[in-house]
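Let me begin by presenting the structure, written as structure tokens, before commenting on it.
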Amino acid sequence: MADAAAPATLGPIALALSGGGYRAAAFHLGTLRSLHEADLLESVDVLSTVSGGTIVGASYALSQVRDESFDRFYDDFLTRLRTQRPVHRAAQLLTRQHDSLPRRTLIAAQAEALNEQYYADARFGEFFETPIHIGEIIFNATDFRCGLPFRFQKSRNPRARIGNGKHWMPTEIACQMRLADIVAASSCFPGGFEPIGFPHDFAWDDRKTVLSALCNDSADQTFAEPLPLMDGGVADNQGLGSLRVALGRREKEDQPAIGLVFISDADSPNDTPLIRHNRAPRASWLSVNNVLLGGRVLLVIAIVAACLLGWRIGQMVVTRSLPEWWIFVESIFSFIVLSLTIFGLWRGLRWLDRSILRQLPEQSGLDIVGTVGTLSPSWLGDLIRMRIESLYAMSSNVFMKNVRDLRYRDLYENNELRDRVIANLIYELPKRGNSTTEEAAGNVQPSPAMIAIAKCAVAMPTTLWFQESQRLDAIVLCGRFTACYNLIEHTHKRLESEVGEHKQNEMSFAGDLEDLRLRLLEMWTELEMEVARFPLDSIGVTSTE
């Protein structure tokens, strides 16, 4: 564990680790290292994590419970990111050892794989049994029954519910949960996994007793049916809502005021195009109605051909004038293929007639034959694809970006926190590097190589493993120098504020800030040298000009 006497320069810190798959996990690992090297990590008192942030956040908190040094945690977790692929292991468990799973689903297998490769049967109760410097721990998921955040949390306040206002569990039950099951719930993103059902899909030492307590003995029967949980990023990908809840609890308790809210955010930039509206559908003589007519004509031709072939085979059998055996076998095979084709065409056309041409017009009032039927199949396909893309963008991006903006605005407009918030955005450094105002960042500027590495980090898709080891190293390095840059900027602004307001009674605090600034500048110099040695060609960057 880090030195317990490390200076708390900025006071207690609230840390949020966003979602974003392994890209987020690697970026946050770099952030944690910079906070550690600046002697700030031991000051973290509130931790809120989502999805990929939960993978690294749970691992760090567990290392503190087990009294491990930061260097050991860092090296161990980096090695796991480099070598372990839980999804691949989950696929093996699902196909070969599914009898050992609570339920035969990919997310249940993923939880088992995370337990094997990351958390070694650790229990959530370890955070309650062993005090660490993080007083409030929140691992976020989303309740898909009522659409609310679902918080696996350990709080100083015994009245803090583990779950949400509608569905929660007793602490004694929560302590028995595997940490791997919690991480799986927090990182169970829609489309990649099915929901994980609580408590039925979790692994319990005494499964019968737990299910009886939650499903049969509880007064409101909240968990009589499995509660579907999915990725915490669906409700709040930065975990800021839960962070504000924890900060609200601290305000009611006799706790020191939060000195810094540090948001490590590996989400994509807001200006990334959600869809590209560049298709130009064109009409064609080949309309949907013509395709349907062609299907009917083909059905009639197939029936006639099958009848002729059947008559020929029948004649061979009746007259016993069989040709070579291979001609007879070929005729039988062709007849079977024609029969299957006829059946498929008949069922397909029947389904189209009943479901699309009759039922849909009755439900929607849309004249399919008179309108859509005149369109070409390619045009219709483009129209359908554009609708699917817009619906997906609305549900997975527009909604999440609006939630994100609201959460950030809530922090920045808070009078007590406004000047104490750092948004450590994975995509922001390239934009800052184009700025001509060096003073805004404490007289440091990101180098062209740093900007190239940051762009590479932003371009990495949200995945569950790393194909290239060098890309992993680049994203971790990006997290380190991005966090260092933002901390330098923050301390620079705080020092200017202290000097400008002539707060003589806070000169000691200003001195601590100056010591922190000098420490950060030394870290920045070391990072510049490390970045200069990084092989940019290994991540596809040929030039930093």
Side-chain angles (χ1 to χ4, degrees), residues 17-38 52-53 56 74 77-78 81-82 262-274 276 422-490 492 520-545:
L17 304 179
S18 77
Y22 269 31
R23 176 185 65 196
F27 182 76
H28 300 328
L29 182 64
T31 295
L32 292 177
R33 179 168 174 181
S34 283
L35 290 173
H36 170 73
E37 292 175 348
V56 61
Y74 179 86
F77 191 80
L78 186 60
L81 285 181
R82 200 184 307 278
F262 195 97
I263 308 165
S264 187
D265 191 348
D267 210 344
S268 58
N270 283 338
D271 55 0
T272 302
L274 301 182
R276 296 189 179 277
I422 294 179
N424 191 57
L425 307 174
I426 191 173
Y427 59 82
E428 192 68 19
L429 205 58
K431 299 180 181 180
R432 297 289 185 89
N434 296 328
S435 173
T436 58
T437 58
E438 294 184 358
E439 292 78 13
N443 296 319
V444 296
Q445 281 282 78
S447 66
M450 287 180 174
I451 295 175
I453 290 174
K455 289 180 178 179
C456 172
V458 174
M460 178 185 171
T462 301
T463 63
L464 293 176
W465 65 83
F466 284 96
Q467 295 283 6
E468 303 169 357
S469 179
Q470 291 292 344
R471 188 175 293 269
L472 165 62
D473 295 333
I475 298 176
V476 173
L477 188 56
C478 176
R480 292 174 59 195
F481 60 66
T482 303
C484 184
Y485 181 93
N486 284 310
L487 285 168
I488 291 173
E489 180 183 38
H490 180 77
H492 182 74
L520 291 168
L521 289 174
E522 291 177 1
M523 289 170 51
W524 184 259
T525 301
E526 294 173 358
L527 283 167
E528 285 182 320
M529 293 187 292
E530 188 169 345
V531 168
R533 296 191 299 267
F534 189 87
L536 294 176
D537 58 336
S538 65
I539 57 174
V541 178
T542 57
S543 174
T544 57
E545 295 297 330

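Computed from a prediction, not measured in an experiment: that's the story for all the values here. Positions are given from 1, in the same order as the sequence printed here.
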Distance in Å, [X] [atom1] paired with [Y] [atom2], rounded so as to fall on 0.5 Å steps:
X    : Y    : atom1 : atom2 : answer
S469 : I539 : OG    : CD1   : 12.0 Å
L520 : H492 : CG    : NE2   : 13.0 Å
M523 : E37  : CE    : CD    : 5.0 Å
T31  : D265 : OG1   : CG    : 10.0 Å
Y74  : R33  : OH    : CZ    : 4.5 Å
I453 : S447 : CD1   : OG    : 7.5 Å

Tell me the closest heavy-atom pair linking [X] and [Y], and the distance in Å.
X    : Y    : value
H28  : V56  : CB-CG1, 3.7 Å
A24  : S18  : CB-O, 3.8 Å
A26  : L472 : CB-CD1, 3.7 Å
A483 : F262 : CB-CZ, 4.0 Å
V458 : Y427 : CG2-CA, 3.5 Å

Side-chain donor/acceptor of N486 to backbone N/O of N424, under 3.5 Å: no
Are [X] and [Y] side-chain neighbours, meaning at least one heavy-atom pair lies under 4.5 Å?
X    : Y    : value
I451 : L429 : no
V444 : E489 : no
L35  : L487 : yes
F27  : S264 : yes
T482 : I426 : no
R480 : E530 : yes
F534 : Q470 : yes
Q445 : Y485 : yes

Qualifying salt bridge (Lys or Arg N to Asp or Glu O under 4.0 Å) pairs, either residue in residues 445-463, two or more places apart: none
